[in-house]
Visitor: 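Provided herewith is a single structure, encoded as structure tokens, for subsequent inquiry.
We're numbering straight along the sequence, starting at 1. Computation of the quantities below employed the complete heavy-atom set of this structure, encompassing side-chain atoms and omitting hydrogens, waters and symmetry-equivalent molecules.
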Amino acid sequence: MTGPLQIVLGTISVLFLIVSSVMAYRAVRAMVRIIRIGQPDGTRFGPVKTRLKTLAIESLGHTRMLKWSSIGIAHWFVFVGFYGLFLTLVEAFGEVWNPAFHLPLIGNWGIWNLFAEIIGTGTILGIIYLIYRRQKDHPRRQGRKSRFAGSNEGRGYFVEAIVLTVGICILLIRALKVSSDLTDAPGWSHPVSSAVATILPDSPDLLTVVAFVKIVVSLTWLVVISRILNMGVAWHRFSAFFNIYFKRNADGAPALGPLLPMSSGGKLIDFEDPGEDDTFGRGKIEDFTWKGMLDFSTCTECGRCQSQCPAWNTGKPLSPKMLVMDLRDHLYAKAPYLLGAQTASETAPDFDVLKPSDEQAWASGYARIEGTNDAQAHRPLVGTLEEGGVIDPDVLWGCTNCGACVEQCPVDIEHIDHINDMRRYQVLIESNFPSEAGVMLTNLEKRGNPWGMGGNVREDWIKELDFEVRMADGPLPHEVEYLFWVGCAGAVDDRAKKVTKAVAELLHTAGVEFAVLGNGETCSGDPARRLGNEFVFQQLAMENVETLNSVFEGRVPGTRKIVATCPHCFNSLGKEYPQVGGEYEVIHHTQLLGQLIEEGRLVPVTPIDRKVTYHDPCFLGRHNKVYTPPREILDSVQGLSTQEMHRCKDRGFCCGAGGARMWMEEKIGKRINVERTEEALELDPDVISTACPFCITMLSDALTAKKQNGEAKDHVEVLDVSQILLRSMQPVAAGVQGAASGADVGTKADDVVGLDSPATEHDPK
């Protein structure tokens with residue numbers, strides 16, 4: 001069945017294949033060379049079996065994509081179609097020459113044909129749905145709210161058109177084989193093709209033409225991406241496998257929880273005796289590790305991270321997606337200079353002539369510099385528009401480290417690590433950071449807490465209790481089960497002190513033997529580390545480790561237990577202190593209290609007729625996956641009615657205090673804590689509950705402002721989960737230490753804390 005048409009189209013197909021294959025090889029080689037510019041990182045290679053298992057689960061199971069179910073299902077069919085139906089492209093080369101050609105061995109096998117039928121149809125339907133979603137969520141309709149705002153729409157359209165065309169060609173070829181009686185596959189294996197075949201002619205030549213179109217479209221895609229190395233929406237089809245395999249945690253956990261210690265040249269920096277050539281943080285694009293560069297190259301511009309980012313959602317210039325895109329584009333633009341193919345001029349150009357477009361102004365705060373030129377070679381990594389910076393300072397310092405971007409990224413990009421590495425350079429080398437954060441650092445260094453309070457105040461809360469609290473003085477006696485890490489906020493902030501007292505009261509009631517460090521405790525170092533001052537963090541951490549090791553002297557692993565009320569301390573002590581030699585079993589107070597309730601050592605007896613909505617602290621929830629214990633505690637309290645905000649658990653919205661932003665002014669856009677408080681108030685709650693002192697401060701401040709403006713009812717209050725539990729433990733909770741907080745609840749004069757169960761009337765306002 002080979003005629004002149006087949007010979008001409010077949011010859012063109014083979015020549016196009018040779019050209020496109022050479023271009024693709026050169027493109028891959030160039031990308032590998034560029035990525036290898038990065039600093040070494042030897043922690044990403046093993047254990048091989050665990051990483052391969054993670055790769056298989058995430059890619060074949062689409063576990064991260066399926067966090068968004070309908071989009072995840074559609075993408076799964078497109079994904080499986082791209083790889084699973086690759087043999088249909090091989091078959092198309094034969095069909096161009098001979099329309100009756102089929103793959104050896106499996107060409108007429110019913111199972112293969114049914115697979116091709118299902119996946120081919122699924123690919124068409126899947127890409128049509130994804131096209132629909134891109135248009136439905138398009139920036140022209142949603143503006144900043146669109147997750148595609150700032151993405152390169154043209155490239156997205158190109159990829160979608162290619163997938164749709166190839167999918168249709170696959171189905172048409174199969175249908176033409178049926179209509180032209182060129183297949184011996186059983187009828188049950190091609191139900192869709194048989195239906196389409198009823199409207200198609202008996203035309204082997206048409207089959208050849210369709211096969212040729214399929215080949216040309218597929219190879220055109222290959223040629224285009226070979227010419228555009230920063231086209232992540234296409235290249236992620238290959239690089240995502242490597243990015244998932246080389247992710248920070250081999251077991252598949254996202255890059256949340258601890259920050260990585262600072263390294264240079266693949267080795268940890270010794271802050272007591274750093275090397276002369278050590279690189280502190282990331283001050284230039286080439287300072288990132290090869291894994292960072294792989295991250296940048298893999299970004300699909302899907303915008304899931306952007307859609308969840310609290311900074312972006314409140315009108316700030318930070319978009320995790322666009323930050324990664326900017327780093328990627330700069331990397332590939334500067335690559336010729338880094339590889340030695342071009343030499344930069346000795347002087348930097350005048351950047352202050354740049355004017356951002358309207359889109360760039362709201363998208364990233366400054367104009368990008370197009371092309372590969374001297375301007376790219378001289379650009380500072382962090383800088384204003386006038387300085388030609390790749391990343392604007394307002395972008396860098398807008399991050400709360402909440403982890404929403406990392407949690408949602410389907411290809412495991414480690415945004416927070418990259419942001420904090422850039423912060424480290426700005427703080428340690430450039431001394432360039434928000435001025436108000438400098439006050440916090442000074443307080444940490446001189447007073448051991450961010451507020452600058454004297455160390456003697458750390459024991460004041462104990463004086464307000466009616467029972468004795470054991471002070472740790474030397475190694476703890478064997479009967480003491482837990483060291484209660486109070487934290488800076490819990491010791492010096494009035495609102496957090498109430499939580500500290502509530503937890504102490506509950507532990508005392510349950511008969512838990514615990515001790516505190518009192519004035520011997522200092523800041524965990526979390527604010528310094530998240531700001532970027534690794535040096536101060538190391539000082540504070542090593543000081544605390546020395547203190548803790550002396551307290552736990554003689555105790556074997558498993559008995560060095562710490563309970564903390566602050567998720568930031570909980571994260572630092574449990575996840576980051578092992579980096580400096582501190583190995584402890586750290587538990588959050590909600591976990592311990594939940595355990596005590598389960599064991600029957602705490603029994604809530606007093607009904608509380610209140611409607612509660614729970615706010616997930618980022619460093620308790622996303623960073624450490626503690627979602628259930630606080631909710632189980634609330635469920636154990638009789639009379640409570642709980643309702644979730646629509647952004648909760650792994651999609652919870654930040655309070656705005658993480659990433660050291662507790663000590664930085666929020667000058668752009670809407671305040672994050674106001675956004676979150678408004679979301680809670682939409683449910684008309686009596687109590688907004690949480691389990692973090694930072695969250696309590698941020699939500700309380702926003703709630704107070706809402707009350708003053710008449711936008712919130714006077715009886716609404718912000719309480720820690722432990723405070724609610726303590727109120728339910730005794731009939732006369734008003735006298736319990738730490739139970740009271742915020743405005744009085746209820747309208748009855750004798751029901752000042754809302755304990756009169758269903759009889760209490762809510763304020764009708």
Visitor: How long is the span from the CZ atom in F115 to the CG atom in L87, to the nearest 0.5 Å?
Guide: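 Result: 9.5 Å between the selected atoms.
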
Visitor: Indicate yes or no for a side-chain donor-acceptor contact from R144 to the backbone of K316 under 3.5 Å, with no hydrogens or angles considered.
Guide: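 Yes; at least one donor-acceptor contact below 3.5 Å.
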
Visitor: Give a yes or no on whether a salt bridge exists between E414 and R44, defined as a side-chain N under 4.0 angstrom from a carboxylate O.
Guide: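 Result for this pair is yes, salt bridge flagged.
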
Visitor: Have a look at K247 and tell me which of D295, D41, D412 forms a salt bridge (charged side-chain N to carboxylate O under 4.0 Å, His left out) with it.
Guide: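 Answer after filtering D295, D41, D412: D412.
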
Visitor: Please check if the side chain of N113 supplies one atom and the backbone of G107 the other of a donor-acceptor pair under 3.5 Å.
Guide: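 Present.
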
Visitor: Among K177, H102, Q6, which residue meets the side chain to side chain donor-acceptor pair (under 3.5 Å) test with E95?
Guide: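 Between E95 and the candidates, side chain to side chain donor-acceptor pair (under 3.5 Å) is satisfied uniquely by K177.
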
Visitor: Any sub-3.5 Å donor-acceptor pair from W235's side-chain atoms to I228's backbone N or O?
Guide: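 Judged by distance alone, yes, a pair lies under 3.5 Å.
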
Visitor: Between R134 and Y157, is the side chain to side chain contact (heavy atoms under 4.5 Å, CB included) condition met? List the steps.
Guide: CA-CA 9 Å; R134 182 182 288 272; Y157 295 154; 3.6 Å; yes

Visitor: Do any N or O atoms from the side chain of T314 and from the backbone of A311 form a donor-acceptor pair under 3.5 angstrom?
Guide: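 Side chain of T314 to backbone of A311: a pair is present.
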
Visitor: With a cut-off of under 6.0 Å to the ring centre and 45° to the axis, is R51 in cation-pi contact with F45?
Guide: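 Output no; distance or angle outside limits.
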
Visitor: Where do Y132 and I128 land on the side chain to side chain contact (heavy atoms under 4.5 Å, CB included) test, with the steps shown first?
Guide: CA-CA 6 Å; Y132 159 74; I128 289 175; 5.6 Å; no

Visitor: How close do S203 and L176 get, heavy atom to heavy atom, and via which atoms?
Guide: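 Between these two residues, the closest heavy atoms are O-CD2, 4.5 Å.
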
Visitor: Any sub-3.5 Å donor-acceptor pair from S151's side-chain atoms to E153's backbone N or O?
Guide: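 No: the side chain of S151 does not pair with the backbone of E153.
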
Visitor: One pair to check against side chain to side chain contact (heavy atoms under 4.5 Å, CB included): I413 and C299. What are the steps and the verdict?
Guide: CA-CA 7 Å; I413 293 173; C299 179; 3.7 Å; yes

Visitor: Between F148 and H138, does the ring centroid distance fall short of 6.0 Å?
Guide: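 Between H138 and F148, which both carry aromatic rings, the centre distance is not below 6.0 Å.
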
Visitor: Give a yes-or-no answer on whether the side chains of Y245 and T54 include a donor-acceptor pair shorter than 3.5 Å.
Guide: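 No, because no side-chain N or O of Y245 sits under 3.5 Å from a partner of the opposite role on T54.
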
Visitor: Sequence neighbours left out, what passes side-chain hydrogen bond (donor to acceptor under 3.5 Å, both in side chains) with N152? Give chain and number order.
Guide: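 Residues passing side-chain hydrogen bond (donor to acceptor under 3.5 Å, both in side chains) with N152: none at all.
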
Visitor: Taking the six-membered ring for Trp, are F296 and F288 parallel (under 30°), tilted (30 to 60°) or perpendicular (over 60°)?
Guide: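 Rings of F296 and F288: perpendicular, as their planes differ by over 60°.
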
Visitor: Locate the shortest heavy-atom distance separating L323 from I419; write the atom from each residue and the value.
Guide: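 Scanning both residues completely, I find the closest heavy atoms to be CD1-CG1, 4.0 Å.
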
Visitor: Any side-chain to backbone donor/acceptor pair from R328 onto N230? Under 3.5 Å, distance only.
Guide: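 Yes: the side chain of R328 pairs with the backbone of N230.
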
Visitor: When you measure from the side chain of S180 to the backbone of L182, do you find a donor-acceptor pair of N or O atoms at a distance under 3.5 Å?
Guide: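 Not a single qualifying donor-acceptor pair exists.
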
Visitor: We want to know whether Q308 and R147 form a side-chain donor-acceptor pair, criterion being a heavy-atom distance below 3.5 angstrom.
Guide: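 There is no such pair between these side chains.
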
Visitor: If you take all heavy atoms of G150 and K321, which pair is closest and at what distance?
Guide: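 Answer, listing the atom of G150 first, then K321: C-NZ, 4.1 Å.
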
Visitor: So F246 and F242, would you call those rings parallel, tilted or perpendicular, with 30° and 60° as cut-offs?
Guide: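 Geometry flag for F242 against F246: parallel rings.
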
Visitor: Do R141 and D137 sit within salt-bridge range, that is, some charged N less than 4.0 Å from a carboxylate O?
Guide: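 Salt bridge between R141 and D137, a charged N being under 4.0 Å from a carboxylate O: no.
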
Visitor: Do NZ/NE/NH1/NH2 and the carboxylate oxygens of K334 and E286 come within less than 4.0 Å?
Guide: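 Yes, this pair counts.
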
Visitor: Under the 6.0 Å and 45° cation-pi test, does R676 pair with F653?
Guide: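 No.
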
Visitor: May I ask you to decide if G621's main-chain N or O and H623's side chain share a donor-acceptor pair within less than 3.5 Å?
Guide: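 No; judged by distance alone, with no hydrogens or angles, the pair does not exist.
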
Visitor: Which pairs, with at least one residue in residues 100-126 and sequence neighbours excluded, count as a salt bridge (Lys or Arg N to Asp or Glu O under 4.0 Å)?
Guide: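 Found E117-R174.
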
Visitor: Please give me the minimum heavy-atom distance between L171 and S193, naming the atom from each residue.
Guide: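 The pair with the smallest heavy-atom distance is CD1-OG, 4.0 Å.
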
Visitor: Distance alone, cut at 3.5 Å: any donor-acceptor contact between the side chains of Y332 and S297?
Guide: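 There is such a pair between these side chains.
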
Visitor: So which of R647, R631, R622 actually passes side chain to side chain donor-acceptor pair (under 3.5 Å) with D616?
Guide: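 Output: one option passes, namely R631.
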
Visitor: Are N313 and Q306 linked by a side-chain donor-acceptor pair shorter than 3.5 Å?
Guide: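 No, no side-chain donor-acceptor pair sits under 3.5 Å.
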
Visitor: Ignoring hydrogens and angles, tell me if any N or O in the side chain of N108 forms a donor-acceptor pair with the backbone of D184 under 3.5 Å.
Guide: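 Between the backbone of D184 and the side chain of N108 there is a qualifying donor-acceptor contact (under 3.5 Å).
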
Visitor: Identify whether the distance between the nearest side-chain nitrogen and carboxylate oxygen of K625 and D650 falls below 4.0 Å.
Guide: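 No salt bridge links K625 with D650.
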
Visitor: Given H236 and N243, is the side chain to side chain contact (heavy atoms under 4.5 Å, CB included) satisfied, shown in steps?
Guide: CA-CA 9 Å; H236 83 276; N243 215 47; over 6 Å; no

Visitor: Any donor and acceptor pair, going by atom type alone, linking the side chain of S20 with main-chain N or O of V223 inside 3.5 Å?
Guide: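 Checked: no pair found.
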
